[in-house]
Each structure stands twice: as structure tokens, then as C-alpha cells.
Amino acid sequence: MQDDYRADVAVIGAGIMGTAIVTRLIETGHKVSVFDLDTEKVAALEAKGARAAGSVEEAVSRSAFCVLSLNHASIVRAVVFGEKGVAAAANADKVLIDMSSIDPADTADMAMRLRRETGMAWVDCPLSGGVPGALSGRLTIMAGGSAEDFERARVVMRHLAANYTLMGASGAGQTTKLINQLFCAVLFQAVAEAVKLAEAGGVDPAAIPAALAGGRADNRIMQEFMAKFAARDFSPTGRIDNMLKDLDSLQAFALKTKTPLPMTGSVVEIHRLLCAAGLGPKDSAEMMRLLDGFQAG
């Protein structure tokens with residue numbers, strides 16, 4: 001792979017993450033075709049240099065790589081195998097890079113079907129790092145697929161990820177993302193509780209990250225989010241309902257594999273309670289509202 005090589009890339013899904021991915025790929029010199037049902041989002045990306053496509057099939061027909069940034073396995077399946085979908089323009093020279101967070105078993109099933117019916121490779125590449133990571137090319141990507149396809153996808157991933165790791169066969173990337181979400185969800189709750197405990201003890205919670213830096217309790221979520229939680233800063237960085245979607249997948253996987261997850265189970269129910277209270281579309285900092293007795297804001 002030449003360092004100066006840039007590819008034709010189709011990106012399907014122009015939500016918050018899809019928009020960041022497209023923006024980064026354009027800035028690093030790739031030719032990007034975009035499809036999304038929301039034409040206003042596509043138009044905004046056209047203004048940045050992307051090329052709008054009238055269908056998924058059209059976008060994929062122009063491209064060597066197809067990046068998916070979608071919310072659910074059912075949507076991924078429809079986009080790949082539905083009318084004028086990925087499969088309609090697929091061949092063995094193309095690689096599908098699924099950056100969605102979906103069920104590992106669904107991923108393995110769809111990857112096998114796409115290869116069998118069209119010859120097109122599939123690499124599951126769920127991410128951690130959010131919009132800031134995508135825009136700076138500093139994402140953490142946990143990949144699943146063959147070693148050969150993993151390397152083929154590096155043409156695109158080298159401009160999006162600082163940490164790009166092959167975890168195993170198709171679906172292994174999605175399993176690793178579930179583990180990532182387990183850590184994130186539990187740590188977000190721990191940060192929220194630590195804020196309340198600090199406040200109760202007369203300690204400035206915003207000073208805790210610096211005080212604990214380098215110790216065994218140090219972690220990136222505390223460093224990045226404790227001051228935000230303490231300030232009741234509810235500006236969006238990630239949605240509670242999206243986390244719950246991943247946690248539901250995690251619990252389903254744990255049930256299938258008979259894996260006990262008692263702490264995670266409690267955190268899942270807290271997320272479900274927040275969604276029931278109408279906070280699903282809000283930022284994770286809204287967890288503070290529950291501990292505040294829903295009095296703040």
C-alpha cells in the first residue's frame with residue numbers, strides 16, 4: 001500500500017458519526033460518495049466536497065470501499081441486501097467496512113452471506129472515540145474479519161484510527177465493542193456517583209481527576225468527564241439511548257453465552273430508567289439528574 005494512495009469511498013449514513021467520518025476522509029484526500037435518506041445532511045456534506053448519491057447502489061458502484069455508519073442490525077441488513085443496496089453493486093474487488101455497533105452474530109451472518117452471494121469482503125470496525133476521534137483521525141477501531149481483508153481496509157482506516165486492531169473473525173470486532181461499552185457504561189455511573197460523594201464531603205469534584213492522575217483509579221472517562229458531570233454540563237457528546245442499545249446487545253450476548261454480569265445488569269437498568277424518564281436522547285451527563293433527584297435543571 002502506497003502512503004499517498006487515496007481511495008474512492010462510499011459512506012452510507014450521514015448522522016453525527018457518519019458526518020464526522022466523511023469530513024475526515026475528505027480532508028485526507030479520499031473521494032467520498034454519500035447516501036442518506038436525510039437530503040439536508042447530504043447537502044451539507046456536498047458543500048464540504050462529498051458527492052451525493054441517489055441510492056446505496058449508486059454510491060457503492062463508484063467506490064472500492066463502502067463504510068456503513070448506521071444504528072441497528074436491521075438497518076444494516078436492509079442497506080446491504082435490500083433493493084438498490086450494497087449487494088446490488090458488490091464484487092470481490094470491493095470491501096465493506098461496517099463502523100456501526102451491532103450484534104456480533106448478525107455481523108458474522110451478514111458477512112458470510114455477502115461473501116457467498118457477491119464475493120465482497122466485510123470487515124466489522126466498530127469504533128470508540130466519538131466525533132472528536134473521527135475528526136482528528138484518532139479513533140480506536142476493533143476489527144473483525146480475515147487478516148487479508150483487515151489489511152485491505154487499512155487504506156481507509158489509517159486516516160480514521162490511531163489504534164486499529166484485528167480481534168478475530170467476523171463479529172469479533174463487535175464483541176470487543178460490547179466490552180468497550182461495558183467499561184464505558186460502568187465508569188460513567190462510577191463518575192456520577194463519585195461526583196455526588198465528593199460534593200457531600202465538601203471536596204471539589206472537578207479537582208479529583210488531577211488528584212488521582214497516575215494512581216490505580218485513574219482512567220480516561222474520569223479525566224474527560226468528571227468536571228463535565230460536576231458542572232451539570234449536559235452538552236451532547238453521546239446519547240443515553242444509544243448506550244442502552246449497545247447494553248441491550250451486550251445483555252443478549254451474555255444471556256446467550258450464559259455469562260454473569262451482575263454490575264453491568266444494574267447499570268443497564270439505570271440507563272433504562274433514564275430513558276423511561278425521557279432522557280434517552282440526552283448526554284450521559286444527564287445521569288446526574290437521577291442522583292440529584294431530578295431537581296437540577
Side-chain angles (χ1 to χ4, degrees), residues 1-71 75-76 78-80 82-91 93-101 120-141 143 149-164 235-239 242:
M1 178 181 67
Q2 296 179 350
D3 289 341
D4 60 351
Y5 175 70
R6 300 295 186 272
D8 290 299
V9 183
V11 177
I12 313 303
I16 294 174
M17 277 308 306
T19 292
I21 290 165
V22 171
T23 300
R24 174 65 179 176
L25 291 176
I26 291 171
E27 289 176 348
T28 51
H30 297 277
K31 297 177 182 177
V32 185
S33 296
V34 182
F35 177 80
D36 192 283
L37 294 176
D38 189 327
T39 56
E40 289 185 5
K41 291 178 179 178
V42 174
L45 290 170
E46 274 190 286
K48 294 182 178 183
R51 183 179 178 188
S55 67
V56 174
E57 179 183 8
E58 181 183 338
V60 175
S61 69
R62 300 171 180 165
S63 308
F65 298 90
C66 174
V67 173
L68 304 184
S69 181
L70 304 167
N71 282 332
I75 300 174
V76 171
V79 162
V80 175
E83 184 179 0
K84 294 186 177 180
V86 173
N91 61 51
D93 295 326
K94 299 178 186 288
V95 179
L96 186 151
I97 300 170
D98 184 20
M99 300 185 75
S100 316
S101 294
M120 188 173 183
W122 183 307
V123 183
D124 48 299
C125 290
L127 60 89
S128 181
V131 169
L135 292 175
S136 62
R138 303 290 300 174
L139 289 172
T140 292
I141 302 288
D149 295 336
F150 171 79
E151 289 301 326
R152 291 171 68 189
R154 193 184 292 276
V155 170
V156 176
M157 289 297 102
R158 65 192 171 128
H159 292 124
L160 293 172
N163 184 7
Y164 176 51
S235 57
T237 58
R239 293 171 56 121
N242 280 343

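Side chains included, hydrogens not; waters and symmetry mates left out as well; all remaining heavy atoms used.
- Listed here is the closest heavy atom pair of A10 and A59: CB-O, 3.5 Å.
- Every side chain to side chain donor-acceptor pair (under 3.5 Å) that D149 has, sequence neighbours left out, goes to R115, S146, R152.
- Qualifying side-chain contact (heavy atoms from CB on, under 4.5 Å) partners for N91, counting only residues two or more places apart in sequence or in other chains: D93, K94.
- Proximity of V80 to W122: side-chain heavy atoms (C-beta onward) are separated by under 4.5 Å at one or more points.
- Taking the side chain to side chain donor-acceptor pair (under 3.5 Å) definition, one finds that T237 meets it with D283, sequence neighbours left out.
- Counting only residues at least two apart or on different chains, the side chain to side chain donor-acceptor pair (under 3.5 Å) pairs with a member in residues 29-38 are H30-H159, S33-R62.
- I16 places none of its side-chain heavy atoms less than 4.5 Å from the side chain of R239.
- Scanning all heavy atoms of the two residues, the minimum distance from F35 to G54 falls at CE1-O, 3.5 Å.
- Of the inter-residue distances, the one linking F150 atom CZ with I97 atom CD1 reads 11.0 Å to the nearest 0.5 angstrom.
- The OG atom of S63 lies 8.0 Å from the CD1 atom of I12; values are rounded to the nearest 0.5 Å.
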**OP:** Kindly indicate, with the supporting measurements, whether the criterion side-chain contact (heavy atoms from CB on, under 4.5 Å) is fulfilled by V34 and E46.
**Re:** CA-CA 8 Å; V34 182; E46 274 190 286; over 6 Å; no

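- Scanning all heavy atoms of the two residues, the minimum distance from V95 to A153 falls at CG1-CB, 4.5 Å.
- Sequence neighbours left out, not one pair with a member in residues 36-66 passes ring pair (Phe, Tyr, Trp, His ring centres under 6.0 Å).
- Annotation: side chain of M157 is not in contact with side chain of L139 (no heavy-atom distance under 4.5 Å).
- By the side chain to side chain donor-acceptor pair (under 3.5 Å) test, S69 is found to be paired with no residue, residues two or more places apart in sequence or in another chain being considered.
- For N163, the side chain to side chain donor-acceptor pair (under 3.5 Å) test picks out T165, with sequence neighbours left out.
- Distance CD1/I75 to CG/L68: 11.0 Å, rounded to 0.5 Å.
- Taking OG1 from T140 and CG from L160, the interatomic distance works out to 12.0 Å, rounded to the nearest 0.5 Å.
- Pairing each heavy atom of A50 with each of I26, the nearest pair is N-CD1, 3.5 Å.
- G18 and V11 get closest at one heavy-atom pair: O-CG1, 4.4 Å.
- Contacts classified as side chain to side chain donor-acceptor pair (under 3.5 Å) and involving residues 14-24 (residues at least two apart or in different chains) are given here: T23-K48.
- For the atom pair CE of M17 and CG of L135, the computed distance is 8.0 Å after rounding to the nearest 0.5 Å.
- Closest heavy-atom contact between A90 and M120: CB-SD, 3.5 Å.
- Scanning for side-chain contact (heavy atoms from CB on, under 4.5 Å) contacts around S55 gives E57, E58, K84, with sequence neighbours left out.
- Put simply, SG on C66 and CG on D8 are 12.5 Å apart, with the number rounded to the nearest 0.5 Å.
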